[in-house]
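In what follows, every heavy atom counts, from backbone to side chain, and hydrogens, waters and symmetry copies are set aside. All chains are named by letter (A, B, ...) in the order of the sequence lines, taking the proteins before the strands, and each is independently numbered beginning at 1.
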Protein chains: 2
Amino acid sequence: MTQVRPMRADARRNYERLLKVAAEAFAEHGENASLDDIAKRAGVGSGTLYRHFPTRQALLEAAYVDRIEALGSRADELARELPPGEALMEWLNELCVATIQVRGMKSLLGSAVTDGSSAALTACGTTVKGAASRLVEAAQAEGVLRADLEPIELLRLAHGVATASELANGQGREIRRYLALLTEGLRPAG
Amino acid sequence: MTQVRPMRADARRNYERLLKVAAEAFAEHGENASLDDIAKRAGVGSGTLYRHFPTRQALLEAAYVDRIEALGSRADELARELPPGEALMEWLNELCVATIQVRGMKSLLGSAVTDGSSAALTACGTTVKGAASRLVEAAQAEGVLRADLEPIELLRLAHGVATASELANGQGREIRRYLALLTEGLRPAG
DNA sequence: CACTAAACGGAGACAGTCCCCGCTTATCGC
DNA sequence: GCGATAAGCGGGGACTGTCTCCGTTTAGTG
């Protein structure tokens with residue numbers, strides 16, 4: 001159904017180069033790095049870039065799939081090492097850190113949990129939602145997490161926490177505090 | 001110290017026109033409305049626009065001051081009508097609604113609570129922070145809000161909640177739920 | 001080796017930002 | 001009223017970025 005014919009050698013080569021250069025460029029200039037510039041740096045025409053990656057979002061996703069995959073397997077690793085509640089919190093923390101510190105990741109993770117986006121089920125969306133679901137269910141089974149909380153809601157709230165921390169400009173130092181506030185609530189400590 | 005001489009009549013006229021048109025344009029096309037287009041619609045050259053408002057942020061702020069002021073006085077109104085805890089929650093809800101539904105307001109409120117931004121103490125920042133401080137202190141005095149919570153932290157978290165709700169694409173229907181989750185915490189209801 | 005379809009690439013149309021500087025006009029002293 | 005003058009105007013144009021189109025090149029195949 002996909003890829004009736006394997007990619008031509010030159011196409012594959014350009015594809016790889018673009019991915020490599022794009023990751024560098026996004027890291028260096030943020031998610032708004034010039035696409036034509038990426039093409040130039042990869043030594044291809046802009047037409048080639050746009051053919052392989054029709055939208056900025058597509059390039060962003062392709063450039064960061066492995067990092068997203070890493071977040072996915074990190075979830076399972078944490079689930080093995082820690083009790084469910086802690087595993088979930090630690091994972092959310094790492095998710096927020098990635099959201100803020102890996103330039104370009106934010107819009108990608110954001111659109112992954114956006115409802116009603118055209119191609120909502122992108123690869124990275126599936127990965128992240130899967131990881132979150134597993135952790136959430138485990139925590140709920142243990143009774144350390146509200147039973148009425150949907151994984152996607154938690155992902156959105158985590159995105160919100162990352163955004164809040166970003167506003168503090170502390171390079172993510174506030175993430176743990178804001179996550180704790182979210183977990184424990186705003187009522188006086190009891 | 002400011003305004004040694006009053007603005008020339010034509011300057012004032014253009015200033016007003018630009019503000020009016022800008023508010024419409026931002027409402028219609030979001031915060032990225034074309035500035036040259038705003039100038040054109042106001043019947044002035046782009047030079048005039050950039051002279052009055054050196055940055056997009058400046059124009060955004062000028063166009064929305066009155067709405068921000070309204071949020072400020074709304075805080076006191078709520079403080080008079082409701083017990084401190086409820087007043088705070090209701091105000092946060094209205095703040096989030098404004099953040100999402102008034103196009104262009106988000107980046108404005110965001111930069112108002114950003115630490116380390118160059119001109120951090122913009123007018124609207126002061127207004128919003130003042131309102132939040134009054135409500136937070138009242139709630140803390142009543143013992144219904146954690147004593148260690150800074151107003152600015154709450155504003156940032158509210159911005160996060162607004163962002164999270166936005167991802168749900170429900171036109172703000174999720175705001176109350178997410179605010180409640182933040183208030184009560186993620187632990188099982190008790 | 002020749003053929004063909006896949007892939008390339010960069011010119012160019014378009015849109016946005018922002019500055020510069022010659023021109024216009026409101027204001028003020030007379 | 002009436003010039004003088006500086007405050008203010010405005011649009012042309014340089015620049016940067018996006019994205020498409022289509023003539024040219026080249027990998028893969030028999």
Review point. If only side-chain N and O atoms of A:R56 are considered, is one of them under 4.0 Å from the OP1 or OP2 phosphate oxygen of D:dT18?
Key: yes

Point to revise | A:T48 side-chain N/O to C:dA7 phosphate OP1/OP2 under 4.0 Å | key: no

Practice item. Nearest-nucleotide wise, let me know which of A:L35 and B:S46 is further upstream toward the 5' end of DNA chain D. Key: B:S46

Review point. Is B:R177 paired with A:E150 through a side-chain N to carboxylate O contact shorter than 4.0 Å?
Key: no

Point to revise | First encountered from the 5' end of DNA chain C, between B:D10 and B:T55 | key: B:T55

Check your understanding: Looking across every strand, which nucleic acid part, if any, lies under 4.0 Å from B:D36 by heavy atom: base, sugar-phosphate, or nothing?
Key -> base

Point to revise | Qualifying residues under salt bridge (Lys or Arg N to Asp or Glu O under 4.0 Å), relative to A:E184, sequence neighbours excluded | key: B:R146

Practice item. To the nearest Å, give me how far apart CG (A:L49) and P (C:dA11) are. Key: 17 Å

Practice item. Please report, rounded to the nearest Å, how far the C1' atom of C:dG9 is from the CZ atom of A:R41. Key: 19 Å

Check your understanding: Can any side-chain N or O of B:E61 pair as donor or acceptor with the backbone N or O of B:A123 at less than 3.5 Å?
Key -> yes

Study note, to complete from the structure: Atom CG of B:L59 and atom P of C:dC18 are separated, to the nearest Å, by 12 Å

Review point. Starting at CZ of A:R13 and ending at C1' of D:dT26, how long is that distance when rounded to a whole Å?
Key: 10 Å

Practice item. Take atom NZ of B:K40 and atom P of D:dG12, then tell me their distance rounded to the nearest Å. Key: 9 Å

Review point. Does A:H52 place a side-chain N or O at less than 4.0 Å from the phosphate oxygens OP1/OP2 of C:dC8?
Key: yes

Practice item. Would you kindly give the CZ-to-P distance between A:R12 and C:dA7, to the nearest whole Å? Key: 11 Å

Check your understanding: Hey, is the main chain of B:E31 close enough, under 3.5 Å, to the side chain of B:R56 for a donor-acceptor pair?
Key -> yes

Check your understanding: Within the structure shown, what part of the strands sits under 4.0 Å from B:R51 by heavy-atom distance: base, sugar-phosphate, or nothing?
Key -> base

**Study point:** Between C:dG16 (P) and B:E31 (CD): distance, integer Å
**Key:** 15 Å

Check your understanding: Roughly how many Å is it from CG in B:L18 to P in D:dG8, rounded to a whole number?
Key -> 14 Å

Exercise for review: Measure from the side-chain N and O atoms of B:R12 to the backbone N and O of B:M7, and report whether any donor-acceptor pair falls under 3.5 Å.
Suggested key: no

Practice item. Quick one: label A:N14 by what it contacts on the DNA or RNA (base, sugar-phosphate, nothing), any heavy atom closer than 4.0 Å. Key: sugar-phosphate

